[in-house]
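Note on naming: letters A, B, ... go to the chains in the order of the sequence lines (proteins, then strands), and numbering restarts at 1 for each one.
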Number of protein chains: 2
Amino acid sequence: MTNKAITIIDIAKILGVSKSTVSRALKDHPDISNATKEAVQMMAKQLKYKPNAVAMSLRHKKSKVIGLIVPTLSPFFFPSVIHGIENEVNKRGYNLMILQSNESYEREVLNVDILQSNNVEGILVSISRKTENLSHFTALIEDNTPIVFFDRIPKSIQADMVLVDDISGAFNAVEHLISIGKRKIAICLGNPNLLISSNRLSGYKKALKKHSIEINEEFIITGQSSEEAEKETKKLLELTNPPDAILAISDLTMSGIMKALYAAKIKIPEDIAVIGFCEDTFSQMYNPPVSTIDPMGIEIGKIAAERLFQRIHENNILEPKTINLSSRLIIRDSTKV
Amino acid sequence: MTNKAITIIDIAKILGVSKSTVSRALKDHPDISNATKEAVQMMAKQLKYKPNAVAMSLRHKKSKVIGLIVPTLSPFFFPSVIHGIENEVNKRGYNLMILQSNESYEREVLNVDILQSNNVEGILVSISRKTENLSHFTALIEDNTPIVFFDRIPKSIQADMVLVDDISGAFNAVEHLISIGKRKIAICLGNPNLLISSNRLSGYKKALKKHSIEINEEFIITGQSSEEAEKETKKLLELTNPPDAILAISDLTMSGIMKALYAAKIKIPEDIAVIGFCEDTFSQMYNPPVSTIDPMGIEIGKIAAERLFQRIHENNILEPKTINLSSRLIIRDSTKV
DNA sequence: ACCGGTCGTGCAACCGGTTGCAGTTGATAA
DNA sequence: TTATCAACTGCAACCGGTTGCACGACCGGT
């Protein structure tokens, strides 16, 4: 704050005691007499004394701050995760410092530095697409900083991970499509570099194999943006033998897919059934509301934060653990027969 | 960090110089000889020295942290604002500390305390619904803390405000509906306590008056959640003389309205045209894509942050100013004739 | 009157940097 | 040889709290 704030020294001077006494009186230390305590506490209230968190942080090396690094804050997924995290963090009297890597490796390294500089007590990370060298994270771990990765996790590192079981999520979605009589099932991937893409793809393939449906490479499309997904979906529709169902890998691709289907006046689910990995809130905006394998953004945030606090409270001596949330399959009209 | 980090004292000991010398060498102070500078900087790099931001914050009373208080992190609006803010904050080498008030006055007061304790250099706030007593903010202002209110602004306080011109936004939307031949125009409000609700309502009324259309109280409905909006819209449709256009006050209400229209198989825009205050990303998810008065979440965040930094850099001596962004009217198929 | 113990408080160091000022060194000028 | 002056470097205080330890006052017991 710009104007000088009230400090314990101010209170000490007014009351003619030492700052140690004020400090102890404020925290009800048994050494201090009741008379002194009362006087100090009254005065503190009167002057609207607020303890300086920065000073305490320096002294105790505990900042009561949790750091969060996400690739982006754009919709849809990460804002939900943040929502889940913030609730947990606030509940425990901690605060949240948020940084974006903007999918840049350099930025991510810098962000780790910033969080370290700020003495955060723990870090939650979803890594950028470009990150391959993990030394900024291994250094943190050697440094004994509590850290939990979520969603976009690094492949080879010993640490806590929180994610949803994408393989079984996609598997269940495809089986569901098969159960309603669909056989020509397409999938629209997002960024192929992401683990979630390959996991969801492999769940898709696994389900097809189980039901002896041949994999048609033409049915595997990629849309890194809504527009791209729309364009690719249009191509799908022009195939001589178009699909009768589409699995969307994200909210973004779903949005493009639905636009293409609307434009072509496709009947959903009669002509083409649709299902996707969409946040619940958004999946209900379409007509018909689309079935979804909930990516559980809020839940991931909550669980990751909980795990981080467990680490913080138990001195970070826990064995690294991977928490696999099983995703909920929510069936709506887009796949109802 | 849990393990002790490298400090300038470590470097000083190794090199056999004083910590003052190290401090100066690291910041290229002219007093220090080149030889010493090089030695220090080398060693700092080698030991991966990271300055302790907390210590600097304590010394300088500058934390390089901006505080943000929002009522909620749930979709749709505030996450967009945060996105806009974070870009600006990061760009300037600052960090963002985010707190939710959860629409609670007490929580909001507490959050202000927390931010003060953390020596944030400025605060961005969108106030809670329940906030009527503003003393926690006036105290901040008297304290000379830079502060900028956005979107949910308090009515009587001398400070910077950033908002979109809701009255003209609603006015233009309604005029647009009239221009395509609609006359029976309904509006679905959100929380009636919010200024945006009353502003948008008054823009709505103003436009109707200008075109000599009588205000029909039955056409003014309220939906604080998507479900409520859906229910109220259904009631609208059951009127003997239902509306031929609906203005949605938010993404949330739009979602409910569209569900009701889909269920009733209403033709959009032929039977009922639809327009709303929706984030661009979300307005395109509907079928047809809905026309929107962009609430400009990202833009608001950007402008509010810019104004806050202006205050910070100019020692907070600026005259309070209200920045009224004019909202963009984006016409899509939901209101095309 | 003396010793031991309790109670309440203050001193000073500490956390990790920054910075005004004084001190040391060596070279140069007188 | 000595005074003078850069050029470097170190000392110590400071930011706002916390905390181990010492100290003084007062008590009761002997």
Side-chain angles (χ1 to χ4, degrees), chain A residues 1-41 43-44 47-65 113-114 116-121, chain B residues 1-41 43-44 47-65 113-114 116-121:
Chain A
M1 306 294 122
T2 315
N3 269 359
K4 78 163 189 14
I6 302 296
T7 71
I8 55 169
I9 299 185
D10 298 319
I11 298 177
K13 273 193 193 135
I14 294 174
L15 260 41
V17 297
S18 76
K19 63 175 185 167
S20 340
T21 301
V22 175
S23 171
R24 284 190 261 251
L26 287 173
K27 40 180 41 190
D28 224 15
H29 190 106
D31 274 5
I32 305 297
S33 72
N34 285 328
T36 310
K37 271 183 197 167
E38 273 172 35
V40 169
Q41 284 165 4
M43 187 56 68
L47 298 180
K48 296 188 184 164
Y49 163 76
K50 309 229 168 75
N52 183 326
V54 174
M56 312 235 299
S57 171
L58 178 59
R59 182 70 233 258
H60 287 132
K61 308 238 207 149
K62 303 241 163 168
S63 56
K64 291 267 174 190
V65 175
D113 266 14
I114 290 173
Q116 277 199 100
S117 269
N118 280 281
N119 277 4
V120 296
E121 293 187 38
Chain B
M1 305 296 119
T2 314
N3 268 0
K4 76 166 188 15
I6 301 297
T7 72
I8 55 169
I9 300 185
D10 298 320
I11 299 178
K13 273 194 192 134
I14 293 174
L15 261 43
V17 297
S18 74
K19 63 176 185 167
S20 340
T21 301
V22 175
S23 169
R24 283 189 264 250
L26 286 173
K27 39 180 43 187
D28 225 13
H29 190 107
D31 274 4
I32 304 297
S33 71
N34 285 330
T36 310
K37 270 183 198 168
E38 274 172 35
V40 168
Q41 284 164 4
M43 188 54 70
L47 299 179
K48 297 188 184 166
Y49 164 76
K50 309 227 167 78
N52 183 324
V54 175
M56 314 235 299
S57 172
L58 179 58
R59 181 73 234 254
H60 287 132
K61 305 235 208 161
K62 302 240 165 169
S63 57
K64 291 269 177 190
V65 175
D113 267 14
I114 291 173
Q116 277 199 100
S117 269
N118 280 280
N119 278 3
V120 296
E121 293 188 39

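Summarising the geometry, atom CG belonging to D31(B) is positioned 11.5 Å from atom OG belonging to S20(B); distances are rounded to the nearest 0.5 Å.
Atoms CD1 (I9(A)) and C1' (dC15(D)) sit 9 Å apart, rounded to a whole Å. We find that CG of D31(B) is positioned 14 Å from C1' of dT24(C), with the value rounded to whole Å. Across the protein-nucleic acid pair, Q116(B) atom CD and dG16(D) atom P stand 14 Å apart, rounded to whole Å. What separates CG of L15(A) from C1' of dG8(C) is a distance of 15 Å, to the nearest Å. As a whole-Å value, the separation of I8(A) CD1 from dT9(C) P is 15 Å. The nearest whole Å value for the distance from the CD atom in E38(B) to the P atom in dC8(D) is 13 Å. Distance, L58(A) CG to dC15(D) C1': 9 Å, rounded to whole Å. Computed from coordinates, the N118(A) CG to dC15(C) P distance equals 20 Å when rounded to whole Å.
Counting non-hydrogen atoms under 4.0 angstrom, V17(B) reaches the backbone sugars and phosphates but no base. Contacts of N52(B) with the nucleic acid, taken as non-hydrogen atoms under 4.0 Å apart, involve only primed sugar atoms and P, OP1 or OP2.
Look at S23(A) and you won't find any side-chain N or O under 4.0 angstrom from OP1 or OP2 of dT19(D). The side chain of T36(A) contributes an N or O atom lying less than 4.0 Å from OP1 or OP2 of dT9(C). Between dG16(D) and K61(B), a contact under 4.0 Å exists linking OP1 or OP2 to a side-chain N or O. At dT19(D), one or more side-chain N or O atoms of H60(A) fall inside 4.0 Å of OP1 or OP2 (strictly under the cut-off). Between S33(B) and dA7(D), a side-chain N or O to OP1/OP2 separation shorter than 4.0 Å is absent. Regarding contacts with the backbone of dG10(C), a side-chain N or O of S18(A) is found under 4.0 angstrom from either OP1 or OP2.
With hydrogens and angles ignored, a donor-acceptor pair under 3.5 angstrom links the side chain of R24(A) to the base of dG20(D). For S20(A) against dC11(C), a side-chain-to-base donor-acceptor contact under 3.5 Å is present. Evaluation of atom-type donor-acceptor distances gives no pair under 3.5 Å for the side chain of K19(B) against the base of dG10(D).
The nucleotide whose nearest atom lies closest to any side-chain atom of I32(A) is, among dT9(C), dG17(C), dA13(C), dT9(C).
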Before you tell me yes or no, could you show the steps for L47(B) and I11(B) under side chain to side chain contact (heavy atoms under 4.5 Å, CB included), namely the whole-Å CA-CA distance, both residues' side-chain angles and the distance that decides it to 0.1 Å?
CA-CA 8 Å; L47(B) 299 179; I11(B) 299 178; 4.2 Å; yes

Assess whether side-chain hydrogen bond (donor to acceptor under 3.5 Å, both in side chains) is satisfied between S18(B) and T21(B), documenting all intermediate values.
CA-CA 5 Å; S18(B) 74; T21(B) 301; 3.2 Å; yes

Begin from the C-alpha positions of V22(A) and L15(A) and carry the test side chain to side chain contact (heavy atoms under 4.5 Å, CB included) through to its verdict.
CA-CA 9 Å; V22(A) 175; L15(A) 260 41; 5.6 Å; no

